[in-house]
Amino acid sequence: MPAPGELIMVEPKRPKPPKHWSDWTVEERKAQVVELGLPGFRADQFSRQWYQRLNNDTNSWTDVPADMREAVKDLLFPELMTSVRELKCDNGATVKQVWKLFDGVLVESVLMRYTDRVTMCISSQAGCGMNCPFCATGQGGLTRNLSTAEIVEQVLAGARSLAKGEIDGGIGRVNNLVFMGMGEPMANYNSVIGAIRRLTEPAPAGFGMSARGITVSTVGLVPRMRQLAEEGIPVTLAVSLHAPDDELRDTLVPINTRFKVQEVLDAAWYYADKTGRRISIEYAMIKDINDQAWRADLLGEKLAGNLVHVNLIPLNPTPGSKWTASRPEDEDEFVRRLKSHGVPVTVRDTRGRDIDGACGQLAAATKN
Ligand code: SAH
């Protein structure tokens, strides 16, 4: 018998996406290139085209003999996703992409441009098995895990658009990445770690972004949080807590019946200890559900003295939801109480609301 909670982590059986350059390590790429009959040093050239020049038109790669270009595309760089919809809001500063994967499955990514940086919010799974009742993605269940390359491609697609100046605000680059789109990244651990490695590896192997600019957000899969602490990649870990007490958290984040608040926090402090990185605690403010002053005090007591920052997210009500965002005065009091415990706190802005691109709303628009 599987333990409770085990069942929902089992991925439904589905065909796997085609293997792609971003799925492979440097050695594997070289082997693939040699197998095609090309010299091994081409591998570095291909990587430079893909991750540095951001040129995904393999036909234009002059370092590939013309008669090989078709094979290089089909076998090493197959198309993994096509854009089915692009939605803009916030005067073009927020762009949501809906992607169709090889098997027709839809996932979404969001690009947010601020005055001094660009943040991308990406998906790690199609759907999600965690079943949090306030989250749109959670309502549809898990369709499948994304491959490493499918995760990397969401970022590169954004990077290409920015490099070409297609995003309002001129030419730019991706500075920050948050695994806060669809899915539970720690339930697709290997693909997510693979993607983080490809994205942080310096040229020519990878995209060369800083691990410090990457945030992995989790419901609190304790064994995976501890495993992440051992990887030696200093990403920021965000924990979707949403309640300081087990009674309420059992209902808001059902995996809490398996991994309790204190276990999750212990794993978070372990992560902070190992990496020196400040833990981000995510807390969706839900009116009269988790926003009481006493819960702010309890949260403050549990977090005080640790390397931590609280991110309060005004709830984005999902269609048909009986819940709504907290009253401003309750939110203010919550903030005040956390601060009185010496816990740093900010209230997150809610980009992308009018394109269903805000937190937890990604699935709403993919149902059409
Ligand atoms: N599965 C991961 C990452 C995806 S969700 C996780 O749960 O952390 C990213 C963040 O958005 C999480 O903190 C999640 O709890 C929050 N979220 C989901 N639905 C929301 C909603 N309707 N309003 C506000 N935040 C929401």
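Numbers for residues simply follow the sequence, beginning at 1. Just so you know, ligand 1 is whichever comes first in the structure, and atom 1 is the first atom listed for that ligand.
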Tell me whether the count of non-hydrogen atoms from other residues, nucleotides or ligands lying under 6.0 Å of CG in N91 goes above 12. no
Salt-bridge contact R198-D23 (side-chain N to carboxylate O under 4.0 Å): no
Which is closest to atom 14 (C) of ligand 1 by heavy-atom distance: E282, M186, H242? H242
For G181, atoms of ligand 1 separated by under 4.0 Å from a heavy atom: 4 (C)
Under 3.5 Å: N/O of E184 near N/O of ligand 1: yes
For G183, the atoms of ligand 1 under 4.0 Å from one of its heavy atoms are 1 (N), 2 (C), 3 (C), 4 (C)
Lys/Arg N to Asp/Glu carboxylate O, K73 vs E70, below 4.0 Å: no
Taking both backbone and side-chain atoms of P317, is any N or O found less than 3.5 Å from an N or O belonging to ligand 1? no
If we number the atoms of ligand 1 from 1 as shown, the ones under 4.0 Å from a heavy atom of N316 are 21 (C), 22 (N), 23 (N), 24 (C)
Counting from 1 in the order shown, the ligand 1 atoms closer than 4.0 Å to a non-hydrogen atom of T218 are 6 (C), 8 (O)
So, are R337 and E333 salt-bridged, with charged N and O less than 4.0 Å apart? yes
Please determine if R197 forms a cation-pi arrangement with W24, meaning its NZ or CZ atom is less than 6.0 Å from the six-membered ring centre and no more than 45° off the ring axis. no
So, R29 and D44, do they make that salt bridge, N to O below 4.0 Å? no
With atoms numbered from 1 as shown, which atoms in ligand 1 lie under 4.0 angstrom from a non-hydrogen atom of C135? 18 (C), 19 (N)
Is any N or O atom of F179, backbone or side chain, closer than 3.5 Å to an N or O atom of ligand 1? no
Would R224 and E184 pass as an ion pair if we require N to O under 4.0 Å? no
